[in-house]
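See structure below.
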Amino acid sequence: PYLIFDLVQYLQKKGKKLPLDPDSIVLSIGGWKRKAGDICERDLYNKMVSETFDVPYERIRDYYAMAESNLFITECQYQKKHIPPWGYFSIRSFEEPRKVAVPVGEEGLVSYYDTINTTYPGFVISGDVGVVSSDGVCECGRYGQILEFKRRATGAEIRSCALHMDHFVQTQTAGVS
């Protein structure tokens, strides 16, 4: 989302808006870790994107994914990240992540089992901290697990597609104003 956020900030600095078609959906993926590891506040991001692109708040969506997985967790209009039925998420304890899962609704390390991965065992314990809700029905009508991403775990390497993209953009635009 940081590239979208940077575009929004640029347009706002110039006093401009870029109204999109009313049926548009603004999608982001790549983590909420901003330049140098800062966190982009989600409510502020949604408000600024909504105002700048004239897109309703509920049409601003985010995906959660990892390079090691075939899972793309899509967010609904209520900003709930729905885990697809071919994946299973478990939240693990910080102290013994390989042995202990925390109860549903508690915070811990995000881990998942990717059932469509056939090239290597698809069970991964990530450096992300999150919560998985119990199976149930969302306001949008979907069933199943819902992931709430919180942050990177303390001591985990800060890395994401967004940070790699940021590094690339910075090296390509060095000295350009």
Side-chain angles (χ1 to χ4, degrees), residues 1-84 87 89 91 107-112 114 124-133 138-140 142 146-177:
Y2 93 88
L3 287 173
I4 297 169
F5 193 69
D6 283 353
L7 175 60
V8 166
Q9 288 180 314
Y10 173 81
L11 290 170
Q12 287 183 347
K13 238 189 260 182
K14 299 285 185 185
K16 303 205 180 260
K17 290 189 174 199
L18 184 61
L20 300 177
D21 184 275
D23 293 328
S24 296
I25 295 177
V26 177
L27 301 171
S28 62
I29 189 170
W32 287 88
K33 298 159 281 284
R34 291 258 305 137
K35 297 176 187 138
D38 295 335
I39 300 294
C40 174
E41 175 61 42
R42 179 67 191 266
D43 287 334
L44 173 63
Y45 171 85
N46 281 9
K47 183 176 184 274
M48 291 172 71
V49 168
S50 180
E51 290 171 358
T52 303
F53 297 125
D54 199 24
V55 173
Y57 200 88
E58 66 273 3
R59 297 188 67 81
I60 300 167
R61 312 278 177 84
D62 187 50
Y63 284 90
Y64 178 88
M66 288 186 228
E68 304 84 2
S69 167
N70 295 303
L71 300 171
F72 284 90
I73 300 166
T74 307
E75 195 172 77
C76 72
Q77 68 268 33
Y78 298 99
Q79 296 183 340
K80 306 275 175 88
K81 290 180 174 61
H82 293 276
I83 298 167
F89 275 59
I91 303 300
E107 194 173 278
L109 293 174
V110 174
S111 68
Y112 61 87
D114 180 356
V124 174
I125 299 173
S126 76
D128 291 340
V129 175
V131 174
V132 170
S133 70
C138 177
E139 301 98 313
C140 72
R142 294 183 189 146
I146 295 172
L147 174 68
E148 182 183 352
F149 171 80
K150 297 289 193 176
R151 66 185 181 284
R152 291 291 287 169
T154 303
E157 178 185 353
I158 296 180
R159 59 187 176 135
S160 71
C161 297
L163 291 177
H164 289 292
M165 179 62 82
D166 182 45
H167 175 73
F168 175 77
V169 169
Q170 294 302 318
T171 58
Q172 298 301 307
T173 59
V176 177
S177 55

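Because only heavy atoms are used, hydrogens play no part in the values below, and waters and symmetry mates are left out as well, while side chains stay in.
Under 4.0 Å is where a charged nitrogen must lie from a carboxylate oxygen, and between E41 and K47 no such pair does.
Scanning all heavy atoms of the two residues, the minimum distance from Y45 to S28 falls at OH-CB, 3.7 Å. Contact detail for C76 and C138: the closest heavy-atom pair is SG-SG, 3.9 Å. In terms of heavy-atom proximity, L109 sits nearest to S126 at CD2-O, 3.9 Å. Nearest approach of G130 to I91, heavy atoms of both residues: O-CG2, 3.6 Å. Residues S24 and V55 share a closest heavy-atom pair of O-CG1, 3.9 Å. When all heavy atoms of K17 and E51 are compared, the pair lying nearest together is NZ-O, 3.4 Å.
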Requested in this report: Please step through side chain to side chain contact (heavy atoms under 4.5 Å, CB included) for the pair I73 and Y63, ending with a clear verdict.
Outcome: CA-CA 5 Å; I73 300 166; Y63 284 90; over 6 Å; no
**Report entry** CA sep, side-chain torsions, deciding dist, call: Q79, R42, side chain to side chain contact (heavy atoms under 4.5 Å, CB included)
**Finding:** CA-CA 10 Å; Q79 296 183 340; R42 179 67 191 266; 3.3 Å; yes
Report task. Take I60 and F53 through the test side chain to side chain contact (heavy atoms under 4.5 Å, CB included) and record every step on the way to the result. Result -> CA-CA 10 Å; I60 300 167; F53 297 125; over 6 Å; no
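Atom CD in Q12 sits 4.0 Å away from atom CE in M48 (nearest 0.5 Å). Atom-to-atom distance recorded for H82:NE2 and C140:SG is 3.5 Å, nearest 0.5 angstrom. With rounding to the nearest 0.5 angstrom, the CD atom of Q77 is 9.0 Å from the CD1 atom of I25. Residue R59 holds its CZ atom at 11.0 Å from CG of L20, rounded to the nearest 0.5 Å. To the nearest 0.5 Å, atoms CZ (F149) and CG (D62) are separated by 9.5 Å. Taking CG of L11 as the start and CG of D6 as the end, the distance is 11.0 Å to the nearest 0.5 Å.
No donor-acceptor pair under 3.5 Å is formed between the side chain of R151 and the backbone N or O of V129. A donor-acceptor pair under 3.5 Å is formed between the side chain of R61 and the backbone N or O of E58.
The aromatic rings of Y64 and F89 stand perpendicular to each other, their planes meeting at an angle above 60°, with 30° marking the opposite boundary.
Remark: Y10 OH is loosely packed, at most 12 non-hydrogen atoms of other residues, nucleotides or ligands lying under 6.0 Å away.
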